[in-house]
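Counting convention: from 1, in listed order, for ligands and their atoms alike.
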Amino acid sequence: MEYFVNVILPIPLERQFTYSVTPDEADFLTPGMRVAVPFGKSKIYTALVLTIHNVPPNAYEAKEIDQILDEVPLVNHLQLRHWEWIANYYMCSLGEVMRSALPSAFLLESETLIIRNDSTHVEESQLKDDEFLVFEALQHQSTLKVHEVSAIVERKNVLPVLNRLLDKNIIYLKEEIYEQYKPKLVKYVKLGKDYLSDDALEALLETLSRAPKQSQVVLSFFQLQGNSKKPISITDLEKYSNASKAVIGSLVDKGILEEDHIRMDRVRFEGEENSEVKSLNVYQLQALANIKRSFEEDKVTLLKGVTSSGKTEVYVQLISEYLGKGKQILYLLPEIALTTQLISRLQDYFGERISVFHSKYNIQERVEVWNNVLKGAEKAQIVIGARSSLFLPFDNLGLIIVDEEHEGSFKQFDPAPRYHARDAAIVLANLHKANILLGSATPSIESYYNAKLGKYGYAEINRRFGNVLMPDMELVDFKEALRKKRVKGHFSERLLEEIEKSLGNGEQIILFQNRRGFAPVLECLTCGHTPQCSNCDVTLTYHQYKNQLRCHYCSYHTALPESCAACGSPELDTKGFGTEQVEEEVKKLFPEAKVGRMDLDTTRGKHAYEKIITSFEQQELDILVGTQMLTKGLDFRNVSLVGVMNADSLLNFPDYRAHERTFQMLTQVSGRAGRTQKRGKVIIQTYNPYHQILKQVTTGDYETMFTEQIYEREQYKYPPLNRIIKITFKHKNYNTLNEAAEWFSGALKTHFGGTVLGPEFPSISRIRNQYLKNILIKIDKSESLGKTKKNIKRIEKTFKSVSLFRSVRVIYNVDHI
Ligand code: ADP
Ligand code: ZN
Ligand code: ZN
């Protein structure tokens, strides 16, 4: 009897591949184990076994596998079913799902670059012969390719030895080089313990009268303390008292001042559980009871709770209950880098039982989390992660929480699988018979719609915790302010007044502008020419700090020209404004204030987010200017004012979700204001103060927003009332692209009843020298989505057999476009 295995290869081809195995191998193998297999002329790939059988392939001679790589399955059957759903639903291959799902360390292949890890001490005598050979070669040469390793160990299949070296931390894979995080330590001073009473203080000042310098420092310390509630850093004290570090040092030595390091270490979690779970208030309890009732009916459940209503504490209660039952818990977040605050909060409750999984973490950490989940280890009982954590090998999942479920970043746009993590999580929960809770202050239209239909269970909290009032929102008519000359730069007088007030009270301010750079357009005043990217169909953004024009879609940049490229006129002006300009203006208007900025440009480094968030949290900054990064779940205690510089740019986005997103973004950013006792203030500057969405934001009227959006989507056949699939064609040749898209849409229109729109160029029709064209398909809920997809795939097959079209890329986005 012959034996074969069908495997998934990590490539975009939509079929399984059959290899032959020996009877012993067939006996040993189970689905979910990895095998190394030859592919093409000389490549070796890591493949995953799907089935073991006796049917030879009929179109080709099955090759033998090279080697079995696992002793136990790396991937369980629920994962494989989940992958299959994703591949089917999002119209991609299983191989593409596998490539996204497995940490790259599990997918060694011949092109992978290997690098030695200098931080591991290697006991050479402990190495096996082949391990030593590779290790030795890496002493002479810092990187090796897999096929070079092959030459060194004189063997074709080197994946096992590399896997062993990876396990021992002796090597890295190229793309994984990890920048070590150094926590920022800030030195603060406070008054020594012995001097806290008035008497002791008086006596101290008496004795210090003979040491004028020291006395000066102590007096300065009190003045600083009187001015603001902030902790006093040594640098500030030095500046303010004009004293040297030595003088301050001698006061510390005497115990009059004490040093204190405030350290926000957010990457390593040797957390101790040091908080008791808080007892919930009546609103939270009510919501929790509703959630549980709905869980009993096995329903997906939506929790809608206004910002700062204490949703997180409700999650914490649920988590403890599922922990008690010995279940695994997955807590999904939109972007982990932005939610370090939340992680340390949960760490306080659950300590070591939390693992964080993030695609930016280094390979060892990721593999470690994977293995811990696979083993069902206690330290991975709760996994917090961004969308890729869906793919961990859970086999005992009891609860999934999808926090900020409305967030667009749950959708993966590139590469395939182009899946939505919330929706894929619902399917995962279903496979595990686990419960799933979606939480948000501003639910997505889809989820709220499902809750209204009774398809999802529902709970809500309409009050902020501690009865803190929702912030007071004010719309400022910027056109009117301009007309009355009540503006300075991009600031209305109203906003300036409020900034001044907050600064005066020692409170912090957030300024929101959803564009980075200094200005999105540079324009010639003489001929109106605006510089464009040479690779993309967009204007170049002016970045003042670097004195450059930059493209936000590719890496193109150029020095700021001194004159117009079209007519030579030196009179160039900017149009529109971004965060850089807001920062510059606010610094000029409030020279005393410390201003920081948070956008893509200031957060490129691996831990840049943490640093900015930490320094704002520690009140080293008074004002934080930023893009939508600021809108996500941050909990700052001392922010009393949020200013939205220009709400209109959000509304004018060419997308059927623009209004929904504007509502969500503005509500979320407003929610950063006044989270403690004092009521927060929000100022929204706009040219359209009568726009219905802005009114709905200021009155917190989610319900009306929802009703109007549903009406519009019904009219124009958009989700959740219809389904949509967007097909994007991509090619460097304009004519080929046009022909291809026409051909495809022609075929669709003949073979298919639904609405086929386009092909049309998107608003940015060329990116990185590739032209883009879209076809939009709207499918009635009564039609079968599965059948439609099959039809489309069939058309694609014929399409790909036309030689002219073979090089045209076809990209599918389902539901979320
Ligand atoms: P949300 O996630 O809804 O924005 P949070 O969970 O961040 O709200 O809660 C807002 C603030 O109120 C947090 O500082 C939190 O610690 C506090 N809080 C919420 N619920 C409770 C509770 N039951 N007891 C004490 N403090 C609470
Ligand atoms: Zn010109
Ligand atoms: Zn470009």
Side-chain angles (χ1 to χ4, degrees), residues 275-288 303-319 331 333 339 341-346 348-349 401-405 437 439-443 459-468 470-471 522-541 548-558 561-573 617 631-639 667-677 680 764-772:
S275 302
E276 290 287 310
V277 170
K278 295 190 170 77
S279 47
L280 302 182
N281 68 19
V282 291
Y283 310 105
Q284 290 169 316
L285 284 173
Q286 186 59 52
L288 184 65
L303 170 61
K304 176 171 180 283
V306 295
T307 53
S308 205
S309 58
K311 293 185 288 299
T312 318
E313 304 301 332
V314 174
Y315 303 153
V316 165
Q317 289 282 350
L318 282 170
I319 294 172
Y331 192 128
L333 287 167
T339 32
Q341 278 188 333
L342 179 98
I343 292 169
S344 48
R345 230 169 118 184
L346 294 182
D348 276 351
Y349 293 124
I401 291 170
V402 185
D403 198 3
E404 312 283 355
E405 68 87 30
L437 180 66
S440 174
T442 51
E460 62 183 14
I461 313 177
N462 292 320
R463 285 176 201 235
R464 288 186 145 189
F465 183 77
N467 281 327
V468 174
M470 293 307 285
L522 189 73
E523 192 186 44
C524 169
L525 287 179
T526 311
C527 76
H529 171 79
T530 59
Q532 308 276 321
C533 177
S534 54
N535 311 319
C536 313
D537 170 32
V538 290
T539 59
L540 294 169
T541 300
Q548 280 179 342
L549 296 176
R550 303 188 71 90
C551 173
H552 287 178
Y553 290 84
C554 71
S555 54
Y556 180 80
H557 53 89
T558 169
E562 290 182 352
S563 57
C564 172
C567 74
S569 158
E571 281 181 76
L572 302 175
D573 197 9
E617 211 167 46
T631 59
K632 327 227 162 162
L634 297 169
D635 188 17
F636 297 117
R637 314 309 303 163
N638 193 39
V639 173
T667 307
Q668 294 284 351
V669 73
S670 302
R672 304 310 117 213
R675 291 173 72 92
T676 41
Q677 283 318 310
I764 295 165
S765 62
R766 186 177 50 118
I767 293 176
R768 295 172 189 272
N769 282 321
Q770 300 268 340
Y771 290 95
L772 303 171

If I take the Zn ion (ligand 2) as the centre, what angle separates the SG atom of C527 from the SG atom of C567? Nearest 10 degrees is fine.
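My answer is 110°, to the nearest 10°.
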Once rounded to 10 degrees, what value does the angle at the Zn ion (ligand 2) take between SG (C524) and SG (C564)?
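That angle is 110°.
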Considering only the protein, which heavy-atom contact is closest to [atom], and what is its distance?
| atom | answer |
| --- | --- |
| atom 16 (O) of ligand 1 | E313 OE2, 3.6 Å |
| atom 10 (C) of ligand 1 | S308 OG, 3.4 Å |
| atom 2 (O) of ligand 1 | T312 OG1, 2.8 Å |

Side-chain ion pair, E313 and R345, N-O less than 4.0 Å
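So E313 pairs with R345 through a salt bridge.
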Within-shell test, V306 vs ligand 1, heavy atom, strictly < 4.0 Å:
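Distance cut 4.0 Å: V306 passes for ligand 1.
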Return yes when R637 approaches ligand 1 closer than 4.0 angstrom through a heavy atom, no otherwise.
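The answer is yes, since R637 has a heavy atom less than 4.0 Å from ligand 1.
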What's the verdict on side chain to side chain donor-acceptor pair (under 3.5 Å) for Q548 and R550, showing C-alpha distance, side-chain angles and the deciding distance?
CA-CA 6 Å; Q548 280 179 342; R550 303 188 71 90; 2.4 Å; yes
Flag, side chain of K304 to backbone of E460, donor-acceptor distance under 3.5 Å:
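Absent.
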Can you check whether T307's main-chain N or O pairs, donor with acceptor, with R464's side chain at less than 3.5 Å?
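Yes: the side chain of R464 pairs with the backbone of T307.
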Selected option - heavy-atom contact closest to [atom], from [options]:
| atom | options | value |
| --- | --- | --- |
| atom 24 (N) of ligand 1 | F465, Y283, Y315 | F465 |
| atom 3 (O) of ligand 1 | Q284, Q317, K311, E404 | K311 |
| atom 5 (P) of ligand 1 | Q668, K278, R345 | R345 |

Using a 4.0 Å cut-off to any heavy atom of [X], which atoms of ligand 1 qualify?
| X | result |
| --- | --- |
| S279 | 22 (C), 23 (N), 24 (N) |
| L280 | 23 (N) |
| S309 | 1 (P), 3 (O), 8 (O) |

Does the side chain to side chain donor-acceptor pair (under 3.5 Å) test come out yes or no for D403 and Y315, once each step is laid out?
CA-CA 9 Å; D403 198 3; Y315 303 153; 3.3 Å; yes
At the Zn ion (ligand 3), what is the angle formed between atom SG of C533 and atom SG of C554, rounded to the nearest 10°?
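Once rounded, the angle between the two atoms at the Zn ion (ligand 3) is 100°.
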With a 4.5 Å heavy-atom cut-off, do T539 and L549 have their side chains touching?
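Sidechains of L549 and T539: no contact.
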Would you mind reporting whether Y556 and S534 have side-chain heavy atoms less than 4.5 Å apart?
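Yes, close enough: below the 4.5 Å cut-off.
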T526 and E571: side-chain donor and acceptor closer than 3.5 Å?
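Note: T526 and E571 side chains miss the donor-acceptor criterion.
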For N769 and R766, test the side chains for any donor-to-acceptor distance below 3.5 angstrom and give the result as yes or no.
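Yes, a side-chain donor-acceptor pair sits under 3.5 Å.
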Restricting to non-hydrogen atoms, name the atom on T530 and the atom on Q532 that form the minimum distance, rounded to 0.1 Å.
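Residues T530 and Q532, closest heavy atoms: OG1-NE2, 3.2 Å.
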Close N or O approach (G310, ligand 1; < 3.5 Å)
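There is such a contact, yes.
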